[in-house]
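Read through the structure below, which is laid out as structure tokens, and then see the notes.
As the structure is a computational prediction, the values presented were derived from the model and not from experiment. Read the numbers this way: they start at 1 and go in the same order the structure lists the ligands and their atoms.
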Amino acid sequence: MTDAGPMTRTGTDASDRIRWATTDLAVEIPSWGFVNTGTRFRVFPQPGVPRDPFEKVEDAATVARYTGIARTVALHIPWDAVDDYAGLAGFAAERGIAIGGINSNTFQDEDYKLGSLCHPSGTVRRKAIDHVVACCDIARQTGSGIVKVWLADGTNYPGQDDFRSRRRHLIESLQEVYAALPPNARMVLEYKLYEPAFYHTDVQDWGGSLSVCQHLGDRAQVCVDTGHHAMGVNIEQIVAILLQEGRLGAFDLNDRKYGDDDLIVGSIDPYQLFRIFHELVGAMRDQQDTVARTTAEQVVFMLDQCHNIEPKIPAMIRSVMTLQETFARALLVDHEALRAAQASGDVLEANRQLQDAFQTDVRPMLAEVRKEQGLPEDPYRAYLESGDADRRAAHRAGGVAAGWG
Ligand code: RM4
Ligand code: MN
């Protein structure tokens with residue numbers, strides 16, 4: 001094999017590469033994955049749900065303890081607002097994790113009925129800009145390297161507002177935000193096809209997000225939420241384009257059958273997740289394309305999921321394991337054989353190379369690596385058998401369980 005580079009993820013030894021997937025993948029856990037959520041029809045509360053941001057951090061730390069990775073937790077502001085952010089970061093550090101992306105929220109206030117950063121009124125835009133700038137400051141206080149912007153901005157009816165004015169407002173608003181980023185922090189702009197607006201969404205797709213980022217600077221990148229596309233869209237191709245442009249910053253990973261369902265990652269279409277990871281591994285191993293390689297190395301793999309009917313911590317542990325397993329399988333693709341098949345126009349052989357890796361059962365290898373590291377071979381089962389869930393539910397009886405608010 002001609003695998004290049006000293007890094008284990010690109011190493012010639014398959015078990016080295018698997019080890020990398022098991023220990024070094026930058027998986028990030030969202031604080032809101034542990035709270036009571038549901039649909040617009042009903043929220044089914046669960047026992048032991050966190051009551052404040054500190055308990056959410058504890059749950060993320062539990063996932064990290066069982067899996068050995070997932071060492072950052074994303075916050076959502078104001079859901080995770082606290083008086084002392086450095087204190088929250090210290091609380092996380094004592095439990096072996098760090099604060100990850102700071103997610104801004106400009107979609108739950110009366111003022112934002114017609115939008116936030118794109119709103120026709122300068123007064124409302126000012127309020128929204130100030131909020132995202134405050135998120136930059138929270139990033140500074142917590143040592144976070146990412147500020148995330150997802151906007152609910154859009155219109156419900158043709159003619160309701162002017163597309164180009166709104167886009168100009170968006171660019172000007174985000175230029176202010178960009179200037180407020182901590183020195184090495186990045187801003188990621190997440191797109192979504194529709195919802196909550198029904199006619200048009202201001203940042204509706206990767207091209208819309210990328211073009212706005214290009215008006216800001218190198219540290220403005222795109223966040224790809226796997227649930228935010230029209231049916232049938234080739235997400236892995238979007239990933240490839242953004243890697244090549246140096247603009248893929250983060251993923252919000254989840255799965256869906258229909259809309260933005262936030263089901264656990266890999267539960268509906270595990271092959272899609274594999275194909276996405278295959279693009280990332282290809283970029284990580286690309287010695288020619290430095291932009292794609294360094295961009296791929298810095299991507300944050302966040303799980304943006306809602307566990308409405310399933311228990312939350314086990315769902316998160318299972319999801320982390322799925323990411324490890326799928327990344328490990330993508331690392332098994334024989335790139336030399338793949339390129340040879342591509343060069344000779346051998347369609348079936350090229351596809352077989354991917355299928356072979358995808359169908360390899362890497363679970364025994366991952367269990368082996370975990371054992372060597374003193375981790376449970378099956379973190380999911382170990383958690384279920386630990387009695388942790390019952391203890392947590394007893395300890396958190398009383399008080400008000402957190403939700404989306
Ligand atoms: C949005 C988007 C954001 C997430 C919120 C909760 O649909 O996916 O990333 O922060 O939901
Ligand atoms: Mn998302």
Ligand 1 atoms nearer than 4.0 angstrom to some heavy atom of D260 are 7 (O)
What's the count of protein N, O or S atoms under 2.8 Å from the Mn ion (ligand 2)?
-> 4
Basic-acidic side-chain contact under 4.0 Å: D225, K148 = no
Donor on one side chain, acceptor on other, T155 and R166, under 3.5 Å = no
Relative to ligand 1, is D304 under 4.0 angstrom through side chain, backbone, both or neither, heavy atoms considered?
-> side chain
Give the ring-plane orientation class for W79 versus W32, where under 30° counts as parallel, over 60° as perpendicular and anything between as tilted.
-> perpendicular
Applying a 4.0 Å heavy-atom criterion (strictly less than), which segment of E195 is in contact with ligand 1: side chain, backbone, both, or neither?
-> neither
of all protein heavy atoms, closest to atom 2 (C) of ligand 1 is E190 OE2, 3.3 Å
Shortest non-hydrogen contact from G33 to M316?
-> CA-CE, 3.8 Å
Give the numbers and elements of all ligand 1 atoms closer than 4.0 Å to a heavy atom of W150.
-> 1 (C), 2 (C)
Numbering as shown, the atoms of ligand 1 that approach D225 to under 4.0 Å (heavy-atom distance) | 8 (O)
Do Y112 and H119 have side chains that get closer than 4.5 Å, going by heavy atoms?
-> no
With a 6.0 Å cut-off on ring centres, are F277 and F327 close enough?
-> yes
For F163, which residues count as a ring pair (Phe, Tyr, Trp, His ring centres under 6.0 Å) partner, sequence neighbours excluded?
-> H200
Salt bridge flag under 4.0 Å for residues E372 and R19 | yes
Considering only heavy atoms of D252, which atoms of ligand 1 have at least one such atom less than 4.0 Å away?
-> 9 (O)
Looking at ligand 1, does H228 have a heavy atom less than 4.0 Å from it?
-> yes
Ring-ring centroid check H229 Y191, cutoff 6.0 Å = yes
Of T226, T322, I268, the residue whose pairing with L273 passes side-chain contact (heavy atoms from CB on, under 4.5 Å) | T322
Number the atoms of ligand 1 from 1 as they appear, then name those within less than 4.0 Å of a heavy atom of K192, with their elements.
-> 7 (O)
N or O pair under 3.5 Å between K148 and ligand 1 = no
The closest protein heavy-atom partner of atom 5 (C) of ligand 1 is H76 NE2, 4.1 Å
Parallel, tilted or perpendicular: which fits the ring planes of H228 and W150, with parallel below 30° and perpendicular above 60°?
-> tilted
R95 NZ/CZ over F91 ring centroid, <6.0 Å and within 45° of normal | yes
Is atom 11 (O) of ligand 1 less than 4.0 angstrom from at least one protein heavy atom?
-> no
